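As the structure is a computational prediction, the values presented were derived from the model and not from experiment. Reminder, nothing fancy here: chain letters follow the sequence lines and each chain counts from 1.
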Amino acid sequence: MKKQDDTVEQSKREYFAGRLVEWFRAHQRDLPWRRTKDPYKIWVSEIMLQQTRVETVIPYYERFMERFPTLEALAEAPEEDVLKLWEGLGYYSRARNLQAAVREVQSDYGGVVPDEPKDIAALKGVGPYTAGAILSIAYGKPEPAVDGNVMRVLSRFFLLRDDIAKPATRKHMERLLRTVIPQEAAGDFNQALMELGATICTPRSPHCLVCPVMEHCAGRLAGEEETLPLKTKAKPPRDERRLAALIRGRGEQAGRILIRRRPDTGLLAQMWELPHVLAPADLQPAVGDANASAAGWALCAALEEEGLPELAPSGIVTQADHIFSHIHWHMEVYLCSMAVIEGAALPDSYRWVTPDELEQLALPKIFHKLLSCQAFRSVLEPN
DNA sequence: AATGCGGGGTA
DNA sequence: TACCCAGCATT
């Protein structure tokens, strides 16, 4: 046992685990994935819950289980279907990794989710937290599952002033937890830690008066429950002005618009979008029609560089902002006309679609926002 | 160890 | 606004 863990007395660790498990069994929320021990369903729920709130996940989880009720069903599904069901949930590589890993379980483990730490941790998209969560909740194995909630709870209860943004801090907490996890109630204990963090030991204004372990909470006894955990600040997102093109079809493409699919890797991988480019750095901020025209021409020129036929802008349609964790997009949509449509060759990623066809494709939130605005819809009206 | 990767809820 | 959410992969 590591020396630093000895500073936490054994009796206090037993108190902590016992009270938490007892509290969880009496007060846990009734969540869809708590009504099963199916490792596949636990797995799906844990992937969806990564960096995502319970309330957000619930409807996605229900739809997903309806469409893919078994590991085999997910393994056999088209990748596009999985991405479409994930639409709006974010971090889309989770969906692709999940299906890749499920297919691996189907082929290498006969469709049975492995119960060995090294096997399950080797699956795509399954890191230290998710491996511990599946092993403890579905299989009852005494493995730690340290997420943001757990680090906050442990920081406060054991008065740990480590920076939780550092990977080393998570490892420290995993070592501590291995001395705390009750062997016969590992799943309930891990879920109790997270449940406490989500409902009582909240980031701000924790509800200490109803906390089951308040009496011996070192953070509260030190008056530091509001300032823990310590965490270095994240950098603000960088600003990007982006120019998008709304291009309407004519003739055989009448009633369709031109969209494209994003690359296989990176931001919003494999999702569909309006063609757009990063605004040239020397382009003046959009104020009034004159600058809008300059932006429109810059957009058309950039898209022609990418292999589209001759384009000309005819005005700005709408604009919207979207903030990712690391980028702030200011998106402006310009109506553009394409000189040649019939028989024109397009780059592979581009495609003409009707509004109905668009409904079937996975679209990021920002493009849903743009396409549903009134100005955009009025441009699409047949006339 | 640092960065890329969505979208939304909350005080 | 600022923070942060049942994190992981890549470099």
Would you mind writing out the side-chain donor-acceptor pairs for residues 342-353 of chain A within the sub-3.5 Å range, not counting sequence neighbours?
unit_1	atom_1	unit_2	atom_2	d
A:Glu342	OE2	A:Glu252	N	3.0
A:Tyr350	OH	A:Arg260	NH1	3.0
A:Tyr350	OH	A:Glu306	OE1	3.2

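- Contacts classified as salt bridge (charged side-chain N to carboxylate O under 4.0 Å, His left out) and involving residues 184-209 of chain A (residues at least two apart or in different chains) are given here: A:Arg25-A:Asp188, A:Arg29-A:Glu195, A:Arg34-A:Glu195.
- Sorted by residue number, the list of members of residues 58-68 of chain A with any non-hydrogen atom under 4.0 Å from DNA chain C is empty.
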Pull out every protein N or O sitting under 3.5 Å from an N or O of nucleotides 9-11 of chain C, one pair per line with the distance.
unit_1	atom_1	unit_2	atom_2	d
C:dA9	OP1	A:Gly125	N	2.6

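- For DNA chain B, the contact window with chain A, defined by any atom under 4.0 Å from a protein heavy atom, covers B:dT3 to B:dT10 in 5' to 3' order.
- Shown here are the side chain to side chain donor-acceptor pair (under 3.5 Å) partners of A:Thr52, two or more places apart in sequence or in another chain: A:Arg94.
- Contacts between residues 22-51 of chain A and DNA chain B, defined by a heavy-atom separation below 4.0 Å, involve A:Gln51, listed by number.
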Can you give each donor-acceptor pair under 3.5 Å made by side-chain atoms of residues 111-123 of chain A, sequence neighbours left out, with the distance rounded to 0.1 Å?
none

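- Hydrophobic clustering, defined by side-chain heavy atoms of Ile, Leu, Val, Met, Phe, Trp and Tyr closer than 4.5 Å, groups A:Leu159 together with A:Leu228, A:Leu230.
- With sequence neighbours excluded, the residues forming a side chain to side chain donor-acceptor pair (under 3.5 Å) with A:Asn149 are A:Arg152, listed by chain and number.
- Listed by chain and residue number, A:Arg170, A:Glu174 satisfy the side chain to side chain contact (heavy atoms under 4.5 Å, CB included) test with A:Pro128 (two or more places apart in sequence, or in another chain).
- For A:Asp81, the salt bridge (charged side-chain N to carboxylate O under 4.0 Å, His left out) partners two or more places apart in sequence, or in a different chain, are A:Arg67.
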